[in-house]
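To start, the structure itself, in structure tokens.
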Amino acid sequence: QVTLVESGGGSVQTGGSLRLSCAASGDTGRINIMAWYRRPSGKRRELVAGMTHGGSTNYADSAKGRFTISRDNAKNTVYLQMDNLKPEDTGVYYCKAEFAYGDYGENLDFWGQGTQVTVSS
């Protein structure tokens, strides 16, 4: 079991920056991947960026060159630095943690409640 709490969302003008934080608690020693997803209004949830415990990263095409995911394993916290924000980045951003493995049928995915990001002109 892992509990995730996001923070750092808010409203910003086009071209501005925000840094999101996600603090994990519980069985944090079992976490492998931590990731950020977002749900734009009227659209389905999509992956923004992910990072393994060992430091391997992946990004959505729309995030490459503008967003940076980082991770402090000692603090059980993952960050998303968002620069040069655009209106299409608007949405609810969710933190996700994934265990590497577990017992058959065990839930290995955990989600935060989300934080709103709004980008306007």
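Quick note: residue numbers are just sequence positions, from 1. These numbers come from a predicted model, not from an experiment.
- Annotation: ring pair (Phe, Tyr, Trp, His ring centres under 6.0 Å) contacts of Y94 (sequence neighbours excluded): none.
- Applying the 4.5 Å side-chain rule to ILVMFWY residues, one finds that Y79 remains a lone member of its cluster.
- Under the side-chain hydrogen bond (donor to acceptor under 3.5 Å, both in side chains) criterion, N107 pairs with no residue, sequence neighbours left out.
- The stretch residues 74-121 participates, sequence neighbours left out, in these disulfide (SG to SG under 2.5 Å) pairs: C22-C95.
- Between the OG1 atom in T52 and the CZ atom in R71 there is a gap of 7.0 Å [rounded to 0.5 Å].
- Closest approach of A35 and L47 over heavy atoms only: CB-CD1, 4.0 Å.
- Atom CG of N84 and atom OG1 of T14 lie 9.0 Å apart (nearest 0.5 Å).
- If you take OG1 on T28 and NZ on K75, they are separated by 14.5 Å, rounding to the nearest 0.5 Å.
- For residues 40-50, the set of pairs meeting the side-chain hydrogen bond (donor to acceptor under 3.5 Å, both in side chains) definition, not counting sequence neighbours, comprises R38-E46.
- D27 places a side-chain N or O within 3.5 Å of a backbone atom of Q1 that can act as its donor or acceptor partner.
- Alongside M51, the hydrophobic cluster contains V2, L4, V12, L18, L20, I31, M34, W36, V48, Y59, F67, I69, V78, L80, M82, L85, Y93, F99, L108, F110, V117, V119 (criterion: ILVMFWY side chains under 4.5 Å).
- A search for side-chain hydrogen bond (donor to acceptor under 3.5 Å, both in side chains) contacts involving S17 returns D83, not counting sequence neighbours.
- A heavy-atom distance below 4.5 Å is not found between the side chains of N32 and E98.
- For T57, there are no side-chain hydrogen bond (donor to acceptor under 3.5 Å, both in side chains) partners two or more places apart in sequence or in a different chain.
- Residues satisfying the salt bridge (Lys or Arg N to Asp or Glu O under 4.0 Å) criterion with D61, sequence neighbours excluded, are K64.
- Within the structure, salt bridge (Lys or Arg N to Asp or Glu O under 4.0 Å) pairs that include any residue of residues 106-121 comprise R30-E106 (at least two apart or interchain).
- Summarising the geometry, atom CD belonging to Q81 is positioned 7.0 Å from atom OG1 belonging to T68; distances are rounded to the nearest 0.5 Å.
- Between the NZ atom of K96 and the CD atom of E6 there is a distance of 13.0 Å, given to the nearest 0.5 Å.
- Listed for the T90 side chain is a donor-acceptor partner under 3.5 Å among the backbone atoms of P87.
- By the 4.5 Å side-chain criterion applied to Ile, Leu, Val, Met, Phe, Trp and Tyr, Y101 is assigned to no cluster and stands alone.
- Legend: residues meeting side-chain hydrogen bond (donor to acceptor under 3.5 Å, both in side chains) with R66, ordered by chain and number and at least two apart, are D89.
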